[in-house]
Amino acid sequence: MPKIPLNLQWLRSSWTVFFGALVGIYIGLYDTQYLSIVAPLGQFYLDVLTMCILPILLTAISLSIGRLLKQANSQWLLLRLSLVFFACLLGASTLGALAGAIFTPGSQLDTESLKAIGQIIQDFSNADLVVDLHTPYEAPPEQSMLQAFLFSLVPANIFSALSHGYTVKVLFFALLFGFAIGAIRQQASDHLCLSFEGIYAAFTKIVQWMMYLFPFGLCGLLASTLSKIGGEALVAMIKFVPVVILAFISWFLIVYALMCWRLKHWIMPFTALKEPMTISLGTANTMASLPSALKSMHEQFGYDKQSVDLLIPLTFNLCRIGPTLYFALATMFVIQIYNVDLTFGVFMVVVLGSLLAGTATAGSSGVSMLTMLSLVSGPLGLPLDAVLILFVVVDPIIAPFRVMAIVHSACAIVTWVLPKPAHPMQTPLVSTH
């Protein structure tokens, strides 16, 4: 298997990524003559990542559920885990929507910022679409959202859904197929799991290789984006960023308090999780934090290694707290940009839609993950294509907090699902399997 030479590891450092972002910002705002060189790099990077998303999504979720059902006492564990997953995702989505409703980051923009954003929306939308940010947005004719939602779940042809990029249909198939893998006989299940594991590992390896091109891809994407947006819109989005960071910090504190209450320790959990939290913030990569998270939960917290090895990757893939919270807040921002009335029905669509969209991000990351916002904006009739560019600009700032929310919440969920260790932070917990 080909390996990346060690002398290229500097390409993955935070400083290199930061430098690439700065160069992209400079080219996009001040020196567009180099745009024809760097922009194709960004598009190539994004296309390769997009190519890998659905295969990883399908195999990761099917594998995790199939293996979980094969474990002893899996019914009890699955029920408890499902309830905790749903509660966490619902809580994160609600917190994001409430933060957007309370702080209204999209309705406190000055006139110049509104004009800049309105121009972007008009430029990126259809030619016959005229947007006026000072008048209420008229949604398409009413239809049953529940009916539209149910019809959008089931793929008539899974291969067609994969080729057309219908993420929600692939997600539904992956969940159903995972339960089927767990229900068939062991020998057949093992063969399927082995094949899926190989596919997952191959596409994950491609993503890992692409991380070495991330500084160049980020440079190209930012340069291309900023050359079309301009500095005014960037200033407008800076008002959105503090609200997002505040929401993630609030979630971190809530989860940490519940974890400490569960373990009856108030300082040691922070010390034990310091390494995986630092890695997640520094790399903005969930999988890069996985080895450290597994080690901390087993050696520091004292949980059984087999249980931790199963639950942490499963939670990373299925309980996508960071994207869920962010999608809810970002959708509230779009609602405010278009001056849509925030009724209770709209609020619930944002909360439930963000929960679904967050789950659909399994296996995706970075810029390509943001396209899942369409799962929330679609039922509301909100044009997303143009506004998505705004979120791309600030994503390098927000992505580390999104990843940290996933990693920290996954570790906390393990403490809530498994029985408490007899001697936390000292000895491993006896296996419950």
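Just the heavy atoms: all of them, side chains too, but no hydrogens, waters or symmetry mates, feed the values below.
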L41 side chain near C219 side chain, heavy-atom distance below 4.5 Å
no
Just to verify, what does S160 make a side-chain hydrogen bond (donor to acceptor under 3.5 Å, both in side chains) with, not counting sequence neighbours?
H164
Flag, side chain of S62 to backbone of A174, donor-acceptor distance under 3.5 Å:
yes
Please report the interatomic distance CG(L380) to OG1(T331), rounded to the nearest 0.5 Å.
7.5 Å
When rounded to the nearest 0.5 angstrom, what distance separates CE in M332 from CZ in F240?
11.5 Å
OG1/T359 to CZ/F85 distance, rounded to the nearest 0.5 angstrom?
9.5 Å
Ring geometry between F391 and Y326 (parallel below 30°, tilted from 30 to 60°, perpendicular above 60°)
perpendicular
If we only count heavy atoms from C-beta on, is the V308 to F301 side-chain gap below 4.5 Å?
no
Less than 4.5 Å apart, side chain to side chain, heavy atoms only: is that true for Q300 and T271?
no
Hey, is the main chain of L90 close enough, under 3.5 Å, to the side chain of T94 for a donor-acceptor pair?
yes
Under a plain distance cut-off of 3.5 Å, with no hydrogens placed, do R262 and T415 share a side-chain donor-acceptor pair?
no
Please tell me if the side chains of F316 and V407 come closer than 4.5 Å, counting only heavy atoms from C-beta onward.
yes
I'd like to know if the side chain of T324 reaches the main chain of R320, judged simply by a donor and an acceptor atom lying under 3.5 Å from each other, with no hydrogens or angles considered.
yes
Show your working on side chain to side chain contact (heavy atoms under 4.5 Å, CB included) between Y26 and L22 and close with a plain yes or no.
CA-CA 6 Å; Y26 175 78; L22 288 180; over 6 Å; no
Is there a donor-acceptor pair under 3.5 Å between the side chain of T361 and the backbone N or O of G358?
yes
For A272, does its backbone N or O pair with a side-chain atom of S296 as donor and acceptor, under 3.5 Å?
yes
For F179 and L175, work out which heavy atoms get closest and say how close.
CD1-O, 3.0 Å
Taking T315 for the side chain and A410 for the main chain, is one N or O donor matched with an acceptor at less than 3.5 Å?
no
Side chains of P105 and L329: closer than 4.5 Å at any heavy-atom pair?
yes
Quick one: pull up OG1 in T286 and CD1 in I406 and give me the separation to the nearest 0.5 Å.
4.0 Å
State which residues pass salt bridge (Lys or Arg N to Asp or Glu O under 4.0 Å) with E275; sequence neighbours excluded, sorted by chain then number.
none
Please work out which of the three classes, parallel, tilted or perpendicular, describes the rings of F252 and Y256, given edges at 30° and 60°.
parallel
Heavy atoms of other groups near I267 CD1, more than 12 under 6.0 Å:
no
Heavy-atom closest pair (F327 atom, S354 atom, distance to 0.1 Å) is C-OG, 3.6 Å
Nearest-0.5 Å distance that lies between atom CZ in F196 and atom NE2 in H191:
14.5 Å
Can you tell if the side chain of I27 reaches within under 4.5 Å of the side chain of T32, non-hydrogen atoms only?
no
Verdict with supporting geometry, L263 and M268, side chain to side chain contact (heavy atoms under 4.5 Å, CB included)
CA-CA 10 Å; L263 296 174; M268 291 301 290; over 6 Å; no
Do other residues, nucleotides or ligands put more than 12 heavy atoms under 6.0 Å from W261 CH2?
no
Tightest non-hydrogen contact, residues V349 and P379, listed as CG1-CB, 4.2 Å
Are the side chain of R402 and the backbone of P323 linked by a donor-acceptor contact shorter than 3.5 Å?
no
Restricting to side-chain hydrogen bond (donor to acceptor under 3.5 Å, both in side chains), what partner residues turn up for S409, sequence neighbours left out?
W251
So, H265 side chain and C260 main chain: donor-acceptor pair closer than 3.5 Å or not?
no
Going from CD1 on I312 to SG on C319, what distance comes out if it is rounded to the nearest 0.5 angstrom?
11.0 Å
Show your working on side chain to side chain contact (heavy atoms under 4.5 Å, CB included) between V350 and I335 and close with a plain yes or no.
CA-CA 10 Å; V350 172; I335 286 173; 3.7 Å; yes
Nearest heavy-atom neighbours spanning T278 and K274
OG1-O, 2.7 Å
Restricting to non-hydrogen atoms, name the atom on S93 and the atom on A328 that form the minimum distance, rounded to 0.1 Å.
O-CB, 3.3 Å
Within a strict 4.5 Å, meaning less than it, do heavy atoms of the Y212 and T16 side chains meet?
no
Residue pair V243 / F333, side-chain heavy-atom distance below 4.5 Å
no
Does the side chain to side chain contact (heavy atoms under 4.5 Å, CB included) test come out yes or no for T59 and E197, once each step is laid out?
CA-CA 7 Å; T59 54; E197 188 173 2; over 6 Å; no
For a quick test of reading the model, state the closest non-hydrogen atom pair linking I321 to A405 and the distance between them.
CB-O, 4.2 Å
